[in-house]
Amino acid sequence: MGEPPPNPDPSSQSRRSSQASERARSRDSSQPLLSIPEDGVPRPTQRGSRSSQSSQGSQDLQSTGLPQWPLRSSLIPENQGEEGMEYNQSMSLGYQPGFPFEFSPQGYLDENRMMQQFPQGEGLLEQLDTAFQDSGAGLLGQFNMFPQEDQPFGQTIQHGPYLRDDPTLHAGCSDLGFMPFVGEVPDPQPRELAVQNAKAYLLQTSVNCNLSLYEHLVNLLTKILNQRPEDPLSILETLNRNTQWEWFHPKLDTLRDDPEMQPTYEMAEKQKALFSRGGEGEQEMEEEVNDSPVPNIMETAFYFEQAGVGLSSDESFRIFLALRQLVEQQPIHTCRFWGKILGLSRSYLVAEVEFREGEEEGEEEEVEEMMEGGEVLEAHGEEEGEEDEEKVVDAVPKPQWKPPPVIPKEESRTGTNKYLYFVCNEPGRPWTRLPHVTPAQIVSARKIKKFFTGFLDTPVISYPPFPGNEANYLRAQIARISAATHISPLGFYQFGEEEGDEEEEGGAGRDSFEENPDFEGIPVLELVDSMANWVHHTQHILPQGRCTWVNPMQKTEEEEELGEEEEKADEGMEEVEQEVGPPLLTPLSEDAEIMHLSPWTTRLSCSLSPQYSVAVVRSNLWPGAYAYAVGKKFENLYIGWGHKYSPENFNPSLPAPIQQEYPSGPEIMEMSDPTVEEEQALKAAQEQALAAAEEEEEDEEDEEDEDLED
Amino acid sequence: MDADSLLLSLELASGSGQGLSPDRRASLLTSLMLVKRDYRFARVLFWGRILGLVADYYIAQGLSEDQLAPRKTLYRRSGAQGDVDVVGSLNCTEWSLLPPATEEMATQTAVVSGRFMGDPSHEYEHTEIQKVNEGEKVFDEEVVVQIKEETRLVSIIDQIDKAVAIIPRGALFKTPFGVTHVNRTFEGLPLSEIRKLSSYFHFREAIDLKNKTLLEKADLNPSLDFMDSLEYDIPKGSWSIQMERGNALVVLRSLLWPGLTFYHAPRSKNYGYIYVGTGEKNMDLPFML
């Protein structure tokens, strides 16, 4: 065959574009053709049939419509020839029902890239070109879209029933990787063309990226076929989006760390450190078994879990390890997991410890001294300021207000400061010690209600102003919760026999107890039934803020020095009554009710198996406080936000009333300032007087002059 | 939380301190399965537990195919002290259906405050002064209105649901037909998004969405962003976001309804919320922040 005439590009383009749509249609319509048997023509691939059929259309489709494929099939053998062969060799439609995209896309891609080069110049396969022309004409004629005069355009050399079998042509097509198909009917040229064009269109890369729709669809369908989700149609859009996303976010290779997971990995490292045993050796293990003050958290957690309370078991174990770490770091005599207080950004895990006898809490004392020194300095500062003012102008009246005496805080190991508390945010993080609580802080804490943020040094902004930061507020709340909700079964603790008289304590009652070795345990049912079987074993906090009352009027040495100046103020103070609270080991039945509600709720942990149940007591006053008891064991726990329950809404304290100014007395008389009118009137009067005086002088001068003249 | 993953969910939500005892867990697993069968729910959620003085309520909710359709609420009362003797009544696996909440119920129960008793037939008494017309005169009479605890339960659950039930973004998607489905390809929130309030939505019909300006709506994806996000909740700061378990779990706790815990393991499909509390709103929230 000779060289095909060069295609006028625009016409071929336009034809191609229309062919693309037609091809698509032909592709669709060709689906049912797969089942149509071809007469006597061996067809290794189905593509052959379609291609032959579409080329067939070039022949006599001008009169026949689409559905007459079967007719054409009979004509297929006649048209078999180069055309058809070229088509078969060049087109790999791959329309096999299984959609094996594994091998066909490759061929498609190569071929279509070549096809895309057509507009740019000579293509590699000029045979395809001629075939295009042919099929173009045929298809167009079939669909009656272009007039017949297109026929002369690059009219194919190969048309008609006699197509030569040219081996050179075969060879040319073989580098495409297709099997040279011999004996194939060259029919479906228009359809092939349409398919090729459609594919070319799909392979256009998107403007934004390097991905073409074709590749994306390939990825999507491969993914669906590999994963085989149920009902893929309903999740099609999501799969689509995910495939797109994955294209642009490939999984990181193994050498790079995932930046997002860094903090998680760090925490995991810290917690892993918890799990390592420091120091091997059997000796140490024995010591730990015998003497370790670390409590059996897992057992407590188990019992609380029966009640439906508590953290999960792996979290409990981590807490156990964290407590063990604490015990190793500090000289601790007894230790207990007090509970968890939830905060806004972080939560607190609280451990209640007692130091060994004789251990000094050095840090605390330093802080206290500084604070006291500061107070004294301030007092001096006020006096100096007053003296300065005295020298300057009038005697400024001294304020008669004297700050209420500071109630001293309780000693360590007594009252509210009986235990030391350590907090940490998460197991694995370091433990921080909380300072001792002062009565002023407790009194203040009763008046405010604030969430904990999770950072110990956050200031507590409230009214009345809380004397301290979040660490102090936390400690105050812990003290209040401990005093209100730490309970034990009746008889577990008893008063020791060596207690002194009650009078020594100032009427506050005994404040220490010891375990009762003869404690037999109270049956669970009884514990649940009556609140009299439970007692408080922490001291009640008086309204003063302490457990033992202290008369604030007793002057300390410092106060006596300053006392002479301020004796006048003392006269105004009233007698302070001694505050008394319920003594230690009071049963819960004596607790005050909250608005007709019992302050405690009891439950059996499992009503289906009462013989193995645990008695659980829940506080209604401090939601989050729980206690359980079974047999000879009991324990208290608090997990919550750290606030008291009040049936009414929280009423913040009102600001103090406006202070009186200095009382009017003979020394100080408050007068109102003259108003503007009065001042002006005064001024006018003065001017008048001046004017009158001048006139008089003038008159006198005149008179004198007159006298002189006379 | 989904009843299908109850055990894992309880484990993940345990950071707030309240969970379920093993016997309750076992009974819930079986009973929720039966509820799903009996009521033909597509999904059953264990909503949580309301602590009463005498007994507690266990609440479950059932969803149909459309996730945003009104949910059916069931409750079960248990834990009463007297149940030691009487095993069969009200304690075991009997779930009762609650009526849907109405506005009238909400206004009625707004006057009741305090703890739940735990007895659904308990009646709260509330005296109101009503004007009664007798002929031509108008009297002020004190009328004692009785409100059943069941009504209160219904309205409280409804309020909690509307206010603080939340869902991570992307867990549900909406089809063009208007039906909301569970997104089976939800792979969890990425770590960069978990601390943002905008990644979580209220699990209810959108209220504020229509008020957004067109400019804001342009950035939204209509198939995923069809619910209100937590960003615009009033008062601001009523959610506490924390990481637990060494940064492997994000927990949101509501400060307005203390006791509601939402947990989500980032980059995984586990998420859920549970309410364990007294059923009272925290009206002091503005003072406490």
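Since this is a predicted model, take the numbers as computed values, not measurements. Here is the naming used below: chain letters follow the sequence lines, and residue numbers restart at 1 for every chain.
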Which atoms of [X] are under 4.5 Å from chain B, going by heavy atoms: the side chain, the backbone, both sets, or neither?
{"X": "Phe304(A)", "answer": "neither"}
{"X": "Lys340(A)", "answer": "side chain"}
{"X": "Glu266(A)", "answer": "neither"}
{"X": "Ser609(A)", "answer": "neither"}
{"X": "Glu426(A)", "answer": "side chain"}
{"X": "Tyr645(A)", "answer": "side chain"}
{"X": "Gln306(A)", "answer": "both"}

Which residues satisfy the ring pair (Phe, Tyr, Trp, His ring centres under 6.0 Å) test with Phe287(B), sequence neighbours excluded? Phe650(A)

Keeping the roles fixed (side chain from Arg184(B), backbone from Glu230(A)), state whether a donor-acceptor pair exists under 3.5 Å. yes

Selection from [options] maximising heavy-atom pairs under 4.5 Å formed with chain B:
{"options": "Gly308(A), Gly343(A), Ser313(A)", "result": "Gly308(A)"}
{"options": "Ser347(A), Gly454(A), Gly339(A), Ser646(A)", "result": "Ser347(A)"}
{"options": "Gly624(A), Pro623(A), Cys606(A)", "result": "Cys606(A)"}

Option in Pro266(B), Gly52(B), Ser223(B), Pro258(B) with maximal non-hydrogen atom pairs under 4.5 Å from chain A: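 Highest number of pairs under 4.5 Å: Gly52(B).
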
Among Pro190(B), Gly15(B), Gly237(B), Ala13(B), which has the most heavy-atom pairs under 4.5 Å with chain A?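 So the answer, after comparing Pro190(B), Gly15(B), Gly237(B), Ala13(B), is Gly15(B).
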
Looking only at heavy atoms, which two atoms of [X] and [Y] are closest? And how far apart?
{"X": "Leu53(B)", "Y": "Arg603(A)", "value": "O-NH1, 3.7 Å"}
{"X": "Lys449(A)", "Y": "Asp284(B)", "value": "NZ-OD2, 2.8 Å"}
{"X": "Lys450(A)", "Y": "Leu289(B)", "value": "NZ-O, 2.9 Å"}
{"X": "Ser240(B)", "Y": "Leu344(A)", "value": "OG-O, 3.0 Å"}

Which portion of [X] sits near chain A, non-hydrogen atoms under 4.5 angstrom:
{"X": "Arg245(B)", "value": "both"}
{"X": "Phe186(B)", "value": "neither"}
{"X": "Leu10(B)", "value": "neither"}

Roughly how far apart are Leu342(A) CG and Ser16(B) OG, rounded to 0.5 Å?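 Going from the CG atom of Leu342(A) to the OG atom of Ser16(B) covers 6.0 Å.
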
Spatial distance of atom CG (Asp23(B)) from atom OG (Ser605(A)) [nearest 0.5 Å]: 6.5 Å

Mind running side chain to side chain donor-acceptor pair (under 3.5 Å) on Gln242(B) and Ser345(A) for me, showing each step along the way? CA-CA 5 Å; Gln242(B) 282 180 27; Ser345(A) 326; over 6 Å; no

Glu65(B) atom CD, neighbour heavy-atom count above 12 within 6.0 Å: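 Counting other residues, nucleotides and ligands, CD of Glu65(B) stays at 12 neighbours or fewer.
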
Could you check whether atom OH of Tyr612(A) has more than 12 heavy atoms from other residues, nucleotides or ligands sitting under 6.0 Å from it? no

For Lys174(B), check side chain to side chain contact (heavy atoms under 4.5 Å, CB included) against everything at least two apart and list the hits. Thr180(B), Phe226(B)

Would you call Gln18(B) and Tyr626(A) a side-chain contact if the rule is heavy atoms closer than 4.5 Å?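 With C-beta onward as the side chain, the pair touches.
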
Using side-chain heavy atoms (C-beta onward) and a distance below 4.5 Å, is Ser14(B) in contact with Glu315(A)?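 The answer is no; the side chains never approach within 4.5 Å.
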
Pairs in or reaching into residues 613-624 of chain A: which pass side-chain hydrogen bond (donor to acceptor under 3.5 Å, both in side chains), with residues at least two apart or in two chains? Thr601(A)-Asn620(A), Asn620(A)-Arg115(B)

So that I can tick it off, tell me whether Arg346(A) and Glu244(B) are bridged by a salt bridge, with the cut-off set at under 4.0 angstrom between side-chain N and carboxylate O. no

Heavy-atom contacts under 4.5 Å, residues 271-283 of chain B to chain A: Glu280(B), Asn282(B), Met283(B)

